[in-house]
Amino acid sequence: MIKLTVLYGNPTDPAAFENYYTATHMPLVAKMSGVLRHEKAKVVGTPTGDKPPYHRMFEAWFESETALGAALGSPEGKAVVADREFCHRRGDDSSLGG
């Protein structure tokens with residue numbers, strides 16, 4: 001099993017980010033095949049009370065690296081990856097890891 005992790009930086013407009021993330025981005029994610037399980041989380045704080053470095057975190061599990069590659073290489077996966085750029089359009093940061 002392999003896990004994909006996406007970390008979304010702090011948006012300049014959190015309400016607009018949340019609206020887009022919920023209404024547009026996550027429905028695209030739901031169309032991807034091969035996802036065995038997924039979790040999303042909103043980061044609300046740090047142990048030290050500092051501003052969190054990320055606004056949201058998303059994790060998805062796949063059977064194998066091959067299955068992950070197939071999912072991301074599919075038309076649905078490509079749409080999700082392209083749409084992830086909505087963060088960058090708002091001047092925010094996101095990173096992707098496996």
**Student:** Is there side-chain contact between Phe62 and Lys3, with at least one heavy-atom pair below 4.5 Å?
**Tutor:** no

**Student:** So which atom in Lys31 and which in Glu76 form the shortest heavy-atom distance, rounded to 0.1 Å?
**Tutor:** O-CG, 3.7 Å

**Student:** Do Tyr8 and Tyr54 come close enough that some side-chain heavy atom pair is under 4.5 Å?
**Tutor:** no

**Student:** Side chains of Leu36 and Glu63: closer than 4.5 Å at any heavy-atom pair?
**Tutor:** yes

**Student:** Output all residues satisfying salt bridge (Lys or Arg N to Asp or Glu O under 4.0 Å) with Glu65, sequence neighbours left out; order by chain, then residue number.
**Tutor:** none

**Student:** Give a yes or no on whether a salt bridge exists between Arg37 and Glu39, defined as a side-chain N under 4.0 angstrom from a carboxylate O.
**Tutor:** yes

**Student:** How close do Lys78 and Gly73 get, heavy atom to heavy atom, and via which atoms?
**Tutor:** CE-O, 3.2 Å

**Student:** Tell me whether Lys40 is salt-bridged to Glu59, with the criterion being a basic N under 4.0 Å from an acidic carboxylate O.
**Tutor:** no

**Student:** Taking the six-membered ring where the residue is Trp, are the ring centres of Tyr20 and His25 under 6.0 Å apart?
**Tutor:** no

**Student:** Sub-3.5 Å donor-acceptor pair from the side chain of Thr24 to the main-chain atoms of Tyr21, do we have one?
**Tutor:** no

**Student:** Do Met26 and His38 have side chains that approach each other closer than 4.5 Å (heavy atoms only, starting at C-beta)?
**Tutor:** yes

**Student:** Quick one: are Lys42 and Met57 in side-chain contact, heavy atoms under 4.5 Å?
**Tutor:** no

**Student:** Where the side chain of Asp83 meets the backbone of Leu28, is there a donor-acceptor pair that is under 3.5 Å apart?
**Tutor:** no

